[in-house]
Amino acid sequence: MQPTITIRPLRPAVAGDAPTTLDLLISIEPPQPPAELQTPQRPPLNLALVIDRSGSMAGEKISHARKAARSLAAELTSRDRLAIVTFDDEVRVVVPSRRVDSALPFLQAINTIEAGGTTALFDGWLAGALQVAEHLDGAALNRVLLLSDGQANEGLSDASAIAEKVAGLNQRGISTSAFGLGAGFDEDLMGAIAAAGDGTLAQIESPDQLADLYASELQGLATTSGRRVSIGIRPQHGAELVDVINDLTVTSAGNLQLPNLRQGQTLQVGLRLQLPAWTPNQPITGIRLAWDSPGVERRQELRRQLILPVLSAAELRELDVDLEAAEQLALLQASRDRRSVIAALDRGDEGAAFASLESIDLELAAMPQSSSISHERQRLAEQRQLLASDRNLSRKRLRHDVLRSSLNVWDGTNNTQED
Amino acid sequence: MADLPAAAPVPSPVYGLEELLALAGERLGEEVTPRTVRLYATEGLIDRPGKDGRRAVYGQRQLLQLLLVRTLARRGLSLTAIAPLLAAGNSELERQLAQLEEPPATNAALDYLQELQSAPPLQSPPDLDLLEVLGAPICQSAPFEEPSRRLSPRSGGRSSSRWHRLALAPGVELHLSDSASLPPPGSRREAWLQRLLDRLRDHLDDLS
């Protein structure tokens, strides 16, 4: 079972008598297991749930956090392991990692969790990670689920330093998801953790969404066929990669880090290549997708090569563009351009922030108004309103949207991303 | 492991199917079904069980074979590739298992985290005034006071032992004899490694 890679050029040819700017959309579709295998075949899970119980979690938030933790424990089976860790200024291992033969010991322990002091987020993560690491299993999905509503204000708190540690652990087989709750969490920190951790980022505005989030995370883990996914783009014969629209982390081997391969979730990568006048039948670029599969020692890989017909520049201009590719590329660009809105907000330049949002919408307005495009423009309209009324929430939503193209972001509507 | 005194003279235990499944399941951390065992037995991957009346009974050998098949299959090896490995003697099976049961990744993640845990807190920049007073880098390790316990050289020429060469770092190797008894993974091994580390430290202190 392998993923499918589709390479779609915006125009299906290159010029033989002049340089070409070649826009490509690469779609990666995770494999669909045969129907009869779908449920029983999921790999075992080795999880630690790390819950912020700092003072700000008091009241409704902590009670929902308990409820959602109970539902998570109830969903797991005796093939899975779960540890529960809480942190405020102190870290407490509420339930050391154990097999979920029965949910009862978890439920009892979860009920003792109360809100307390400050937020030692890194130490909490570390304690959860240790619980997972002690039972690291190559055949399982090993992951830390980190829930926080606050800024790390105790212990290690620098976002890039924390992300570096999280990435180091991911290299060694344990991923991390980051769930920010409410209005007070640090969206840049949580985004950086989820990206470095090869996990899911969720921004939950209301604590009653927690149970849905955990269910979706479990569902996602159950249908994950590849982690530590990377794509290498290797242009040939003088072609040059000049732009990647997605905001992807570059790995130490010079490849681009992609989100996990999850069933039903197609990954889209937008590229721009610059080509000199091209010779017919000459390969333009090699593409190599690589990933780890649970229970398989060796890294998996898939290679593709792109060869396109060569026309004259005049003929090339007459060709129709691939509308679907154009739409996906525009959506990727719209995600990326929100970065300039955030930058304007951080400078305190609200006028520029509005103007940037406006220009993103203008680009989309010029496209055929498909349902995806209208949906995105709707979202932009909401963000314009939010920018005026709630700057904090607005920034969180913008960060969320920026990260959509580079990591697994929970959108709160379930994980069937058919839009 | 075969050299551990406790393991040698004890007669091979006998298990019923349920017991075998429970033992294997516990050690592998996954459920093993009766069907799997029967399949492996018909495929000749594990030796045929003995009989106790009408009951099928399994020994240490079948347990080892079962553990090895599952461990290798989980790593993506096909049953045909595994089959030839299972004909080996019990001590060889045991040795292979011991090697496999400690995948390098386990150590890597745990070691990494333990290192993070013991690292000085990086976030609080060191107190600059104090640094000036000390006039020295803050991470300099405290000198070891007592290079006491020396390793007494191992007595006698142990015959016919095979040596494993483990490259730990450029220019650093560890030679490990077959006859050295490694404690099982877990706290005992950690303590053992700690003792080795102490001794190594003593030797290095002597060298410098």
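Given the structure is predicted, the values throughout are model-derived calculations rather than measurements. Convention: sequence-line order gives letters A, B, ...; per-chain numbering from 1.
- Residue Leu169(A) touches chain B through both its backbone and its side chain, counting heavy-atom pairs closer than 4.5 Å.
- When Ala140(A), Pro44(A), Gly168(A) are compared by the number of non-hydrogen pairs under 4.5 Å with chain B, Gly168(A) comes out ahead.
- Partner of Leu110(B) under the side chain to side chain contact (heavy atoms under 4.5 Å, CB included) criterion, out of Arg172(A), His135(A), Glu134(A): Glu134(A) alone.
- Using a 4.5 Å cut-off between heavy atoms, Arg99(A) touches chain B through its side chain atoms alone.
- Heavy-atom distances place the side chain of Ala139(A), and not its backbone, under 4.5 Å from chain B.
- Heavy atoms of other residues, nucleotides or ligands lying less than 6.0 angstrom from CD of Glu301(A) number more than 12.
- Ala109(B) approaches Ile174(A) most closely through the heavy-atom pair CB-CD1, 4.0 Å.
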